[in-house]
Visitor: 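The following block contains the structure, expressed as structure tokens.
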Amino acid sequence: MQERYEPGAVEAQAQKHWNDHRSFSAQEDPGREKYYCLSMFPYPSGRLHMGHVRNYTIGDVVTRFMRMNGRNVLQPMGWDAFGLPAENAAMANGVPPAKWTFDNIEYMKGQLKSLGFALDWDRELTTCRPEYYRWNQWLFLRMLEKGIAYQKTGSVNWDPVDKTVLANEQVIDGRGWRTGALVEKREIPMYYLKITAYAEDLLDALNHMPGWPDRVRAMQSNWIGRSEGVRLGFPHDIDGGGVLHAFTTRADTIMGVTFCAVAAEHPLASFAARGNQKLATFIEECRRGPAVEAELATQEKRGMPTGLFVRHPLSGEQVPVWVGNYVLMSYGEGAVMGVPAHDERDFEFAKKYGLPIKQVIQVDGQEYSDEAWQGWYADYGVCVHSGKYDGLSYRAAIDSIAADLSAMGLGEKRTTWRLRDWGISRQRYWGCPIPIVHCERCGAVPVPDEQLPVVLPTNLVPDGSGNPLLKCPEFLKADCPKCGGAARRETDTMDTFVDSSWYFLRFACADNSKAMVDERVRYWLPVDQYIGGIEHAILHLLYARFWTRFMRDLGMVGFSEPFSNLFTQGMVLKEAFFRKPEAGRVEYFDPAEVIVTEDQATQRRTAVLRADGAEVESEGVVTMSKSRRNGIDPQALIDEFGADTARLFMMFAAPPEQSLEWSDEGVQGAFRFIKRLWKAVHDHLSAGAVPALDKTSLNDAQRAVRRQAHQALAKVTDDIGRRRTFNTAIAAVMELLNALAKAPLEAPQDRAVAREAIEIAVLGLAPVIPHVTHVLWEALGHPHAIIDEPWRSVDPEALLSATVEMGVQVNGKMRARITVPADADEATVRAAALADPNVQRFVAGAVVKKVIIVPKKLVSIVV
RNA sequence: GCCCUCGUGGCGGAAUCGGUAGACGCAACGGACUUAAAAUCCGUUGGGCGUAAGCCCAUCCCGGUUCGAGUCCGGGCGAGGGCACCA
């Protein structure tokens, strides 16, 4: 073999082997246990970013490991190819989104290939192709039939200058990103998917998903947000009389109601606004306010009285009705009962507007006072100043109050969900057309199955002023499927989350032009290991779970959960720098162009731009993104050091589940390690013939090397196979190589032991750095490629050791280390510990009260 | 604001079920090789005290449980992710 490690030649050689042998083309084989390893498919944004490299390397390590462990592995790849960035690029460059997208796919596919991922490219799919998205349309029609898809109005961000709908991302400080115009909200008809019909199923199943991280299940559970409470009615005589409904989880505080607050969109608000100009203006302001929940929740709480009153259902007292900007029309009843004494938001609201505060819950005997209030007012306690309910605790009070309300017909227990139905209509061009035709006579008519797919034209270039489909007569013109008359095609397209809600099924049968899924789905699905960014913990994963359930109910798939095991990788972060001019938009700068200095004396960090020497501000260490210009291009890394170094570095720098702060240092270290591995194999082979290992004749030093090798193998196997902590697996092999460098190599059995250790090191790293290990394995004289080699099992005999080292604590402080025979009994260990001179110093003259022995680890002596 | 996660040397991180804190790597420093540099190899490296044996301090902060806490519990501070039209 060559003495020098040359990544270019090595990687070409390995990749050629995999191509020539079609190594990663997966075949259904009922006789073999399958393993479906899937990484979230990329949006073809132009080039791979570090998040991709991290994601796909994790998947590839798992794939190659499972394959070496005998499983029939499928690892496919595709493109999440519809989306907003393509339209933005089109506007900037005048290129149709389709061309931009396909060019990006071609480039990124080349990048993925150069990284040596074990992908089955025969199953590649692209969501912007009609062969794929026709099934979005087909299933949408099934949803319409089942009442799971339906139409209702929803509100959108409207840019009055460009006369177009904006995504939340395109609204900056309440203004359109291109025009700077104040964004308005508009109510328009949209299609919704009734995910709430599956809320209970989606929630309950979370308890039976051991392969998912707790944090993701917790996030989904909170998102679905089941709450048990009471729906109350406040009767009134307004507008002919009626009942104002409000939902509460704290019915025990009902006697503390001093006002009611309704959302700006609530009918009572609209009623009161007639003839009240000030109120109408206020409601209009609320409507214009933020649509994003994070902004809604942090904005100042404001309100205005409607001048209307409702009656308290139990006391009959008059309760004023206010409009509050913190009340959400989309949750519960769009109205809340205001109990300032026992709800933080109500408290703030009441303080601001001078509304009365009435304590009705007592916690640990505390009485209301302005100063002492915060910190316990929302706690559970017993009812006070509540008439017949006095003295009742939370549960008892709710039961009693709900029963009384129910008897009066003014309330009942009810479960409310935070989850809302999924609005999928997008007023955009580059997405899957919604298969609907609008007919003057027949209304909205679904496109019949035999007319699918409704094909999106690929030659349009959006200009920022509305959906270009509206100006495309070839697309717009249609015949009504019902009456045959002239009709207009729906121009809204589907949310791109629809595309990604079922692509994992399609990889099993990407070539089927007759059906959405087929029997191959039964073999491959569910996905055994799904890998993707933590940022998808809620939306994408929840939508996919919902979509799968709908297909299950149609009998198309035989399972409810599409992903048996989920691995959420951390984000790749880097510091971002920006300037915000007095007027105008924030401008970000490439970190490579920023010089950061730290003043030792003042501890003050300053960052200046290389170009003009003036200061820039730091946004902190945040996700790499195009908009922040803080991304590092992995291609430079690959070009300079090769794919193996890029892969090794990404896997070694941090545990894959944690966020990873990018640093340029360390890449050299990864490269250096591969060179050392290469040299170790080269030197070993150059040293001459290696005899067969004779386990019975080994001396202590040889046994020690063997033990270390098999300990490393055990750790690598567990770290990759179970724990997915690739960083520690790599560290274990590094330790082995360090030990080997110091081991004697004179005797023939020295070399035999070294050969075994080297092969373990090469095999153990094969999933991480597949190219170099491919070439090294061949150099070691093996007839099969390493990718076809079975994983090795640990020799338990090799792990045996005659002695162990144990720590000795006296009163909880570490005082000595002792070496005892591995099979020593407790009495022996105890005696050895007490005999240690340093232990004696601390024990002498005291009474030994207790000795705790943790076998092979620790002795704890209490005196 | 709400939900979730994280916080350990100069830096990335290790310590897997409450049991020897700092594995492995980076950086730095010292040395070898070299005319020199790069590359490579060897060594040192949490802080303080001590000639040494060793001792004290140390896992964001405060408190608790325990023979024993980086790990568990309560409270705080800081950072990151998500918040429904970015993907």
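Basis for what follows: all heavy atoms, side chains included, without hydrogens, waters or symmetry-related copies. Naming: A, B, ... by sequence-line order, numbering from 1 per chain.
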Visitor: Residues in side chain to side chain contact (heavy atoms under 4.5 Å, CB included) with Arg345(A), at least two apart?
Guide: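 Side chain to side chain contact (heavy atoms under 4.5 Å, CB included) check on Arg345(A) returns Lys301(A), Tyr326(A), Asp343(A).
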
Visitor: Taking the same atom, C1', in U34(B) and in U45(B), what whole-Å distance lies between them?
Guide: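 Nearest-Å result for U34(B) against U45(B) at atom C1': 27 Å.
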
Visitor: Taking only N and O in the side chain of Thr623(A), is any of them less than 4.0 Å away from OP1 or OP2 of G81(B)?
Guide: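 For G81(B), OP1 or OP2 has a side-chain N or O of Thr623(A) closer than 4.0 Å.
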
Visitor: With sequence neighbours excluded, tell me which residues meet salt bridge (Lys or Arg N to Asp or Glu O under 4.0 Å) with Arg723(A).
Guide: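 Asp719(A).
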
Visitor: Rounded to the nearest 0.5 Å, what's the gap from CZ on Arg815(A) to CZ on Arg841(A)? Could you check?
Guide: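 With rounding to 0.5 Å, CZ (Arg815(A)) is 8.0 Å from CZ (Arg841(A)).
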
Visitor: Please confirm whether Arg545(A) makes a cation-pi placement over Trp212(A), using NZ or CZ under 6.0 Å from the six-membered ring centre and within 45° of the ring normal.
Guide: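 So Arg545(A) does make the cation-pi contact.
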
Visitor: Distances under 3.5 Å between protein N/O atoms and the N/O atoms of nucleotides 23-29 of chain B, please, pair by pair.
Guide:
unit_1: A23(B); atom_1: O2'; unit_2: Glu735(A); atom_2: OE1; d: 3.2
unit_1: A23(B); atom_1: O2'; unit_2: Glu735(A); atom_2: OE2; d: 3.1
unit_1: G25(B); atom_1: OP1; unit_2: Asn738(A); atom_2: ND2; d: 3.2
unit_1: C26(B); atom_1: OP1; unit_2: Arg672(A); atom_2: NH1; d: 2.5

Visitor: Calculate the interatomic distance between Arg217(A) atom CZ and G81(B) atom P; express it in whole Å.
Guide: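 After rounding, the reported distance stands at 24 Å.
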
Visitor: Between Gln170(A) and Asp719(A), which is nearer to the 5' end of RNA chain B once each is assigned its nearest nucleotide?
Guide: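 The residue closer to the strand's 5' end, by nearest nucleotide, is Asp719(A).
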
Visitor: Looking at OH of Tyr191(A) and NZ of Lys152(A), how far apart are the two atoms once the value is rounded to the nearest 0.5 Å?
Guide: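 Going from OH on Tyr191(A) over to NZ on Lys152(A), the span is 14.5 Å.
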
Visitor: Between the protein and nucleotides 42-53 of chain B, are there any N/O to N/O pairs under 3.5 Å, and if so, what are the atom names and distances?
Guide:
none

Visitor: Do Gln427(A) and C85(B) share a donor-acceptor pair, side chain to base, under 3.5 Å?
Guide: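 A donor-acceptor contact between them is present.
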
Visitor: Taking G50(B) as the reference, what is the distance to C6(B) when you measure between their C1' atoms (whole Å, please)?
Guide: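 C6(B) and G50(B) have their C1' atoms separated by 39 Å.
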
Visitor: Between Arg815(A) and C56(B), is there a side-chain N or O to OP1/OP2 distance below 4.0 Å?
Guide: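 For Arg815(A), the contact criterion (side-chain N or O under 4.0 Å from OP1 or OP2 of C56(B)) is met.
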
Visitor: State whether Trp223(A) and Arg418(A) meet the cation-pi test: NZ (Lys) or CZ (Arg) under 6.0 Å from the six-membered ring centroid, and within 45° of the perpendicular axis.
Guide: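 The answer is yes; both the distance and angle limits are met.
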
Visitor: Do side-chain atoms of Ser221(A) reach the backbone of Arg217(A) as a donor and acceptor pair under 3.5 angstrom?
Guide: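 Judged by distance alone, no pair lies under 3.5 Å.
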
Visitor: When the distance from CD1 of Ile853(A) to C1' of U20(B) is rounded to whole Å, what number comes out?
Guide: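 Taking CD1 of Ile853(A) and C1' of U20(B), I get 15 Å after rounding.
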
Visitor: Counting only Watson-Crick pairs (N1-N3 plus N6-O4 or O6-N4) and G-U wobbles (N1-O2, O6-N3), all under 3.5 Å, who is the partner of C6(B)?
Guide: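 Paired with G78(B).
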
Visitor: Quick one: does Met50(A)'s side chain get under 4.5 Å of Arg54(A)'s, heavy atoms only?
Guide: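 Counting from C-beta outward, Met50(A) and Arg54(A) never come under 4.5 Å.
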
Visitor: Do nucleotides 3-9 of chain B as a string where each nucleotide becomes B, S or -: B if the base has a protein heavy atom under 4.0 Å, S if just the sugar-phosphate does, - if no protein is that close.
Guide: SSS----

Visitor: For nucleotides C72(B) and U59(B), find the distance between their C1' atoms and express it as a whole number of Å.
Guide: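 Their C1' atoms lie roughly 16 Å apart.
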
Visitor: Hey, does the side chain of Gln427(A) reach the backbone of Asn467(A) with a donor-acceptor pair shorter than 3.5 angstrom?
Guide: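 No, the answer is negative, given that no donor and acceptor are paired below the 3.5 Å cut-off.
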
Visitor: Roughly how far apart, to the nearest Å, are G75(B) and G82(B) at atom C1'?
Guide: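 26 Å, rounded to whole Å.
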
Visitor: Apply the syn/anti split at 90° from 0 to G9(B) and say which one it is.
Guide: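 Syn, which is what one calls it when the glycosidic angle falls within 90° of 0.
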
Visitor: For a 4.5 angstrom cut-off between non-hydrogen side-chain atoms, does Val820(A) reach Thr803(A)?
Guide: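 Of all side-chain heavy-atom pairs linking Thr803(A) with Val820(A), none is under 4.5 Å.
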
Visitor: So, OP1 or OP2 of U40(B): does either fall under 4.0 Å of a side-chain N or O from Lys679(A)?
Guide: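 Answer no for this pair, as no side-chain N or O of Lys679(A) is under 4.0 Å from OP1 or OP2.
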
Visitor: Under 3.5 Å, which N/O atoms of the protein pair with N/O atoms of nucleotides 67-75 of chain B?
Guide:
unit_1: C67(B); atom_1: O2; unit_2: Ser860(A); atom_2: OG; d: 2.7

Visitor: Give Phe497(A) one of three labels, base, sugar-phosphate or nothing, depending on what nucleic acid heavy atoms sit under 4.0 Å from its own.
Guide: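 Base contact.
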
Visitor: How many angstroms lie between atom CZ of Phe546(A) and atom NZ of Lys194(A), to the nearest 0.5 angstrom?
Guide: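 Phe546(A) CZ to Lys194(A) NZ: 10.0 Å, rounded to 0.5 Å.
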
Visitor: Heavy-atom distance under 4.5 Å between the side chains of Gln2(A) and Glu6(A), does that happen here?
Guide: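 Yes, their side chains come closer than 4.5 Å.
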
Visitor: When rounded to the nearest Å, what value does the distance between P atoms of C41(B) and C24(B) take?
Guide: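 Going atom to atom, P in each nucleotide, I get 15 Å.
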
Visitor: A53(B) and A58(B): how far apart are their P atoms, nearest whole angstrom?
Guide: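 Pairwise P distance, A53(B) against A58(B), rounds to 23 Å.
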
Visitor: Between atom CD1 of Ile224(A) and atom CD1 of Ile195(A), what is the distance when rounded to the nearest 0.5 Å?
Guide: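 Atom-to-atom, Ile224(A):CD1 and Ile195(A):CD1 are 7.5 Å apart.
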
Visitor: Between Asn168(A) (CG) and C86(B) (C1'), how many Å, whole number?
Guide: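 Interatomic distance, CG of Asn168(A) to C1' of C86(B): 9 Å.
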
Visitor: Starting the side chain at C-beta, find the nucleotide from G1(B), G81(B), A21(B) nearest to Glu535(A).
Guide: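 My answer, after comparing the listed nucleotides, is G81(B).
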
Visitor: Are Ser500(A) and Tyr543(A) side-chain neighbours, meaning at least one heavy-atom pair lies under 4.5 Å?
Guide: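 SC-SC contact between Ser500(A) and Tyr543(A) ruled out.
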
Visitor: Suppose we define a pair by two distances each less than 3.5 Å, Watson-Crick or G-U wobble; what does A14(B) pair with here?
Guide: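 Checking every strand shown, A14(B) finds no partner, since no pair has both distances under 3.5 Å.
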
Visitor: When the P atoms of G70(B) and G19(B) are compared, how many Å lie between them, rounded to an integer?
Guide: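 G19(B) and G70(B) have their P atoms separated by 11 Å.
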
Visitor: Please examine the side chains of Thr101(A) and Trp79(A), heavy atoms only from C-beta on, and report whether any two atoms are closer than 4.5 Å.
Guide: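 When only atoms from C-beta onward are counted, Thr101(A) and Trp79(A) do not touch, as no gap falls below 4.5 Å.
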
Visitor: Please state the C1' separation for the pair G68(B) and A21(B) - nearest whole angstrom.
Guide: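 14 Å, rounded to whole Å.
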
